[in-house]
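To start, the structure itself, in C-alpha cells.
Model, not experiment: these values are computed from the prediction. We're numbering straight along the sequence, starting at 1.
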Amino acid sequence: PPTAGQSGQEQVARNLQMAEAILAQKPQELVAWRLKAESLAMMGRHPEALQAVEGGLAFHPRDAQLWNIKGMVLNTLGRNEEALKAAHQATGINPKNASAWISMGSILSSLRRYAEALQAIDRAQALEPNNIVVHVARGETLGAMGRRDEALQALDRALAIDPTNP
C-alpha cells in the first residue's frame, strides 16, 4: 500500500524501479518479473508488460501467474485469441488458481462467449466463494447474457461480503 503522501501511481513506479533493480542483479528472480509485468500493465505500458512477461516465462515457463498476467495484457491489447491460449496455460498449470479462472472468464466475455465465461467464473467461485471479484465478474457476465435478476444477485453478494468496497 502507498505510504502517507504517496499516490498509487508513485507506488507503482517505485515497484517497477525495484523490480528492475532486482532483475539487474538476479535476472532469474520470478517475483521481480511478476512485479515488473504487473507494474508496467498498471501504468498502461502494455507492450512493455508483455515483454516483461515473456522475459519471466523464459526462465519460468510453468509459472501460472505469469501466464495469467500474459493473458490479461494480451486481452487489453485486443489480442483475445492469444489471451485465451495464455489463460488456458495458466489454468492448466494451476487449476486451483481462482484469479486465473476469473481472467479466463473475462477473456471469454471479451470474445462474447458468455456461457463459457460463466463456467470459468463459476470455477473461480467454487475455489474462492468469498472473493468479491468473482461475484462482480459473475454479475457482469450474467448482465451481458441478459440475465438481469441473477446479475443483481451476484452484485448484491459482492456487497454483502464487503459493503465498504465500491
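- Under a 3.5 Å cut-off, the side chain of His135 and the backbone N or O of Gln153 do not form any donor-acceptor pair.
- Put simply, Leu159 and Val133 are part of two different groups of oily side chains (I, L, V, M, F, W, Y) that touch within less than 4.5 Å, one to the next.
- Between Leu30 and Leu66, some side-chain heavy-atom pair lies under the 4.5 Å cut-off.
- A donor-acceptor pair under 3.5 Å links the side-chain atoms of Thr141 to the main chain of Ala137, judged by distance alone.
- Nearest heavy-atom pair, Ala83 versus Asn75, reported as atom, atom and distance to 0.1 Å: CB-N, 3.5 Å.
- Between Glu54 and Lys70, at least one side-chain nitrogen of the basic residue sits less than 4.0 Å from a carboxylate oxygen of the acidic one, meeting the salt-bridge criterion.
- One distance of note links CD of Gln51 with CD of Glu48; it measures 6.5 Å at 0.5 Å rounding.
- Sorted by first and then second residue, the pairs that involve residues 143-152 and meet side chain to side chain donor-acceptor pair (under 3.5 Å), not counting sequence neighbours, are Arg147-Glu150.
- Using a 3.5 Å distance cut-off with no hydrogens or angles, the side chains of Arg62 and Asn94 do not pair a donor with an acceptor.
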Would you tabulate the side-chain donor-acceptor contacts of residues 15-24 under 3.5 Å, counting partners in other chains and residues two or more places apart, or write 'none'?
residue: Asn15; atom: OD1; partner: Gln11; partner atom: NE2; Å: 2.9

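- Across every non-hydrogen atom of Ser39 and Val12, the tightest pair is O-CG1, 3.5 Å.
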For Gln125 and Asn131, what are the C-alpha separation, side-chain angles and deciding distance, and is it a side-chain contact (heavy atoms from CB on, under 4.5 Å)? CA-CA 7 Å; Gln125 186 176 11; Asn131 183 327; over 6 Å; no
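- Scanning all heavy atoms of the two residues, the minimum distance from Glu38 to Gln65 falls at OE2-NE2, 3.3 Å.
- The shortest distance between side-chain heavy atoms of Leu111 and Glu81 falls below 4.5 Å.
- The nearest pair of heavy atoms linking Ala144 to Tyr114 is CB-CE2, 3.5 Å.
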Starting from the C-alpha separation in whole Å, work towards a yes-or-no answer on side-chain contact (heavy atoms from CB on, under 4.5 Å) for Leu84 and Asn80. CA-CA 6 Å; Leu84 187 57; Asn80 307 92; over 6 Å; no
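- Note that the CD1 atom of Ile69 and the CG atom of Leu35 stand 9.0 Å from one another [nearest 0.5 Å].
- No donor-acceptor distance shorter than 3.5 angstrom exists from the side chain of Trp101 to the backbone of Asp122, with no hydrogens or angles considered.
- A distance of 12.5 Å separates CD1 in Ile93 from NE2 in His60, rounded to the nearest 0.5 Å.
- When side chains are defined from C-beta on, Arg123 does not count as touching Thr91, because their heavy atoms never get closer than 4.5 Å.
- By the rule that hydrophobic residues join a cluster once side-chain heavy atoms approach within less than 4.5 Å of another member, Leu40 and Met72 end up as members of separate clusters.
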One pair to check against side-chain contact (heavy atoms from CB on, under 4.5 Å): Glu128 and Ile102. What are the steps and the verdict? CA-CA 11 Å; Glu128 294 184 12; Ile102 294 167; 5.9 Å; no
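- Clustering ILVMFWY residues whenever any of their side-chain heavy atoms sit less than 4.5 angstrom apart, transitively, puts Leu57 in the very cluster that holds Leu50.
- Summarising the geometry of Ala158 relative to Val136, their closest heavy-atom pair is CB-CG2, 4.0 Å, with the distance given to 0.1 Å.
- Within 6.0 Å of CE on Met42 lie no more than 12 heavy atoms contributed by other residues, nucleotides or ligands.
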Please evaluate residues Arg157 and Asn130 with respect to the criterion side chain to side chain donor-acceptor pair (under 3.5 Å), reporting the C-alpha separation (whole Å), side-chain torsions for both, the decisive distance (0.1 Å), and the verdict. CA-CA 9 Å; Arg157 175 74 180 124; Asn130 292 319; 2.9 Å; yes
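- Residues Asp63 and Arg34 form a side-chain contact, since some pair of their non-hydrogen atoms from C-beta on lies under 4.5 Å apart.
- Closest heavy-atom contact between Val134 and Ile121: O-CG2, 3.6 Å.
- In the hydrophobic cluster analysis, where Ile, Leu, Val, Met, Phe, Trp and Tyr join through side-chain heavy atoms closer than 4.5 angstrom, Met104 is grouped apart from Ile132.
- Screening residues 89-115 for salt bridge (charged side-chain N to carboxylate O under 4.0 Å, His left out), with sequence neighbours left out, gives Arg113-Glu116.
- Side-chain atoms of Trp67 come within 3.5 Å of backbone N or O of Pro61 as a donor-acceptor pair.
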